[in-house]
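When a ligand or atom number is given, it counts from 1 through the structure's own listing order.
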Amino acid sequence: MVEVFILPQVRDFMNRLNGQFINGKTVVSQQDEVITTTNPATDEVIAHVATATSGDIDYAVDSAYRAFHGGWADVSPAQRGLLLNRLADLMIAHREELAQIETLTSGKLITLSRAFEVDYAVSFLRYYAGWTTRIEGKTVALSLPSANGEKYTGLTLREPLGVVAGIVPWNFSIMIAVWKFGAALACGCTAVIKPSEVTPLTMLRVAELAIEAGIPPGVLNVINGPGQQVGHALTTHPKIAKVTFTGGMETGAIIGTAALQSGFKRVTLELGGKNAAGFLPDVSPEKTVEGIIEAGFLNSGQVCASAERYYVHRSLINDVAEQLGKRLATLTPGNPMDDESRFGPLANRSHFNKVIGYFTRARDQNLTFIHGGGAFDLPGCYIQPTAVLARSENDELMRQEVFGPVASLLAYDSVDELLTLMNDSPYGLAASLWTNNLSQALRLIPRVEAGTVWVNMHNYIDPAMPFGGTKGSGIGREFGSAFIDHFTEIKSVIMRY
Ligand code: NAD
């Protein structure tokens, strides 16, 4: 492992951070409970982050509420767009600092932290900034006749919902938070973000930059703490108008229910997946292997849209398995802070133990490991890139979301069987079809049960393309113009004159 240079600004931030950023300032929480943040590449403790008290949670929501009613919704749309763009500029100016904080916290390769947590996040901010002046209502031709010569006119207004709670997971701690608060702020809402307990740091820095960008205090607040306490209190707070959640399916069910039971709050749920990639027989084993690497091993498989189920035609599966084993052997582990590293650790010890548990059970069930199936003999949370030959779609590795670097391969015989297998999951977040025959792909796409279907690619999201799940992968779509529906409400106005 190489020595890495940590920016003085990062050390500075680690020394001054506390736990909450509320109403434009770091708030020093009056309690002893802390989240201990550990670098998963080395197991070293890097920070202690104070958990929000109930007073902090109230203060954050009240600040956002006052900022909403005190003017953010009335800031001109062009000005809101300008401020979001200024924040984007500042994130680029602080790109290395943000990327280092993220990598030290989550073990994400520094190259990915730059590309996804900063550059991609900035693309979201710029995209939403471009929409602020385009959020509009309509005049509506009324369907009933008016009486006695009176005239009626119907209008719809698009109004921001109010204070949005953004509850986010650990796998992309900046990007996912940005895609939530960026959309909320663009629509005129204000936000309180609760990062995951695993990655509590980066959003505190982004919130500081938001103030530097000129976004008024209270518009963007960050509170930290365990989901079941702090997350729950935020979700059910009476002044929260909308909850936008990204995370696991079980948590989504709890949050969705709690949001509805506490005053019918609007809710968007972006949940997990057990995503499938189907390779038609015209795709060569070489291309199949590269497709599997693209679909399954980005960020060591800790991507909600990653594929974990791979369907390969029976005539090719042995060739694919052999070549995949060789290819995975080239994914050697490296220090995520090193630009040259291509494969990093998992984000924390408890997730590491969970993934090892899946491998142990798969071995007990006599599944054939093509490659990997254990940990690297290194300090830190390094799991081997792994591939198995599944026996049936009922194997645990074909049903449960592992959220790690594992590809499970299953043979199919006909295209109809391929579709049946791909759809045999309670999840429906994303899927990919791989073929040189685009007209066949176009015929198959409507039969795939997923919110996103890629053709000859995987894991590509774009701010302009709506993203979200079908079935157990969630409710609602973020990105694209769809975000406006989720952060605004239609008010109908009917006038007589
Ligand atoms: P998680 O569900 O355990 O936690 C997500 C967030 O919810 C955390 O901030 C947590 O503190 C909070 N939380 C937990 N219990 C809560 C409660 N009762 N009330 C309020 N908040 C609560 O998920 P995770 O382990 O952080 O992330 C991994 C999961 O996220 C995977 O299932 C992955 O597929 C999913 N994910 C989905 C998307 C998507 O866009 N669909 C993107 C990334 C990750």
Side-chain angles (χ1 to χ4, degrees), residues 35 49 51-52 57 105-106 108 116-117 120 124 165-180 183 192-200 202-203 222-237 240 243-262 265 267-275 298-308 346-348 350-355 400-404 425-430 450-452 459 461 465-479 482-483:
I35 301 168
V49 175
T51 288
I57 300 166
T105 319
S106 72
K108 183 173 288 128
F116 283 82
E117 301 288 16
Y120 235 132
F124 277 97
I167 312 246
V168 293
W170 47 260
N171 63 327
F172 287 98
S173 76
I174 304 179
M175 183 175 70
I176 294 177
V178 163
W179 85 40
K180 293 185 181 309
V192 181
I193 300 293
K194 196 208 81 67
S196 161
E197 332 34 342
V198 179
T199 49
T202 45
M203 266 307 295
V222 179
I223 56 173
N224 273 299
Q228 285 163 8
Q229 296 149 39
V230 176
H232 180 76
L234 179 62
T235 305
T236 53
H237 196 289
I240 292 291
V243 181
T244 165
F245 169 72
T246 297
M249 191 200 259
E250 288 80 18
T251 319
I254 295 169
I255 289 182
T257 308
L260 290 178
Q261 284 176 342
S262 56
K265 296 178 181 7
V267 67
T268 312
L269 304 171
E270 294 196 349
L271 310 179
K274 184 72 189 177
N275 308 301
L298 179 72
N299 198 27
S300 296
Q302 302 165 112
V303 177
C304 58
S306 264
E308 292 188 356
L346 296 191
N348 69 67
S350 95
H351 188 50
F352 170 96
N353 291 335
K354 187 176 141 200
V355 175
Q400 300 289 325
E401 182 188 41
V402 179
F403 218 53
S425 170
Y427 292 105
L429 185 60
T452 294
N459 275 333
I461 57 170
M465 289 297 292
F467 184 72
T470 59
K471 303 196 284 188
S473 289
I475 295 174
R477 296 287 181 272
E478 289 183 335
F479 323 168
F483 84 90

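- Protein heavy atom closest to atom 26 (O) of ligand 1, with residue, atom name and distance, is W170 CD1, 3.1 Å.
- Annotation: side chain of Y427 is not in contact with side chain of N275 (no heavy-atom distance under 4.5 Å).
- No side-chain donor-acceptor contact under 3.5 Å links K274 and S425.
- Put simply, the side chain of E401 gets close to the backbone of G273: a donor and an acceptor are under 3.5 Å apart.
- At least one side-chain heavy atom of V230 sits under 4.5 Å from a side-chain heavy atom of K194.
- The option from H351, E197, Q229 that lies nearest to atom 11 (O) of ligand 1, judged by heavy atoms, is E197.
- Considering backbone and side-chain atoms together, S473 places no N or O closer than 3.5 Å to any N or O of ligand 1.
- Using cut-offs of 30° and 60° on the angle between ring planes, the pair F403 and H351 is perpendicular.
- Counting protein heavy atoms only, atom 18 (N) of ligand 1 is closest to I254 CG2, 3.8 Å.
- Using a 4.0 Å cut-off between heavy atoms, V303 makes no contact with ligand 1 at all.
- In the candidate list A259, P169, G468, P169 is nearest to atom 27 (O) of ligand 1, counting heavy atoms.
- The shortest N or O to N or O distance between G248 and ligand 1 is below 3.5 Å.
- Numbered from 1 in the order shown, with element, the atoms of ligand 1 that lie under 4.0 Å from a heavy atom of P195 read 9 (O).
- Among protein heavy atoms, atom 41 (N) of ligand 1 sits closest to L271 O, 2.7 Å.
- Nearest non-hydrogen protein atom to atom 20 (C) of ligand 1 is G231 C, 3.2 Å.
- A cation-pi arrangement is absent between K180 and F124 under the rule of less than 6.0 angstrom and at most 45 degrees off the ring axis.
- Of the protein's non-hydrogen atoms, V168 O, 3.5 Å is the one closest to atom 6 (C) of ligand 1.
- By the criterion of a heavy-atom distance under 4.0 Å, the side chain of L429, and not its backbone, is placed next to ligand 1.
- Ligand 1 places these atoms under 4.0 Å from at least one heavy atom of I255: 19 (N), 20 (C), 21 (N), 22 (C).
- Protein heavy atom nearest atom 44 (C) of ligand 1, with residue, atom name and distance: N171 OD1, 3.4 Å.
- Shown in contact with I167 at under 4.0 Å from a heavy atom are these atoms of ligand 1, numbered in order with element: 6 (C), 7 (O), 9 (O), 12 (C), 21 (N).
- Ranking protein heavy atoms by distance to atom 33 (C) of ligand 1, first place goes to F403 CE1, 3.3 Å.
- When the heavy atoms of A177, P226, G227 are ranked by distance to atom 19 (N) of ligand 1, first place goes to G227.
- In this structure a side-chain-to-backbone donor-acceptor pair under 3.5 Å is missing from E197 to N224.
- Side-chain contact of E478 with T244: a donor-acceptor pair under 3.5 Å is present, judged by distance alone.
- Of the protein's heavy atoms, G247 O, 3.3 Å lies nearest to atom 35 (C) of ligand 1.
- The residue V198 has no part lying near ligand 1, judged by heavy-atom distances below 4.0 Å.
- Considering K274, K194, E401 only, the shortest heavy-atom separation from atom 34 (O) of ligand 1 involves E401.
- Contact annotation: the side chain of F116 approaches that of L298 to within less than 4.5 Å [non-hydrogen atoms, C-beta and beyond].
- Checking side-chain atoms of S473 against main-chain N and O of L429 turns up a donor-acceptor pair under 3.5 Å.
- Atoms of ligand 1 lying under 4.0 Å from any heavy atom of I176, numbered from 1 in the order shown and given with element: 42 (C), 43 (C).
- The nearest non-hydrogen atom to atom 15 (N) of ligand 1, considering only T235, V402, N224, T251, comes from T251.
- A donor-acceptor pair is defined here as one N or O able to donate and one able to accept, closer than 3.5 Å; no such pair exists between the side chain of R477 and the backbone of T268.
- The shortest heavy-atom distance from F245 to ligand 1 is under 4.0 Å.
- N299 places no side-chain N or O within donor-acceptor distance of the main-chain N or O of G301, the cut-off being under 3.5 Å.
- Geometrically, ligand 1 and C304 share no nitrogen or oxygen pair separated by less than 3.5 Å.
- Between the side chain of T251 and the main chain of G247, no donor-acceptor pair closer than 3.5 Å is present.
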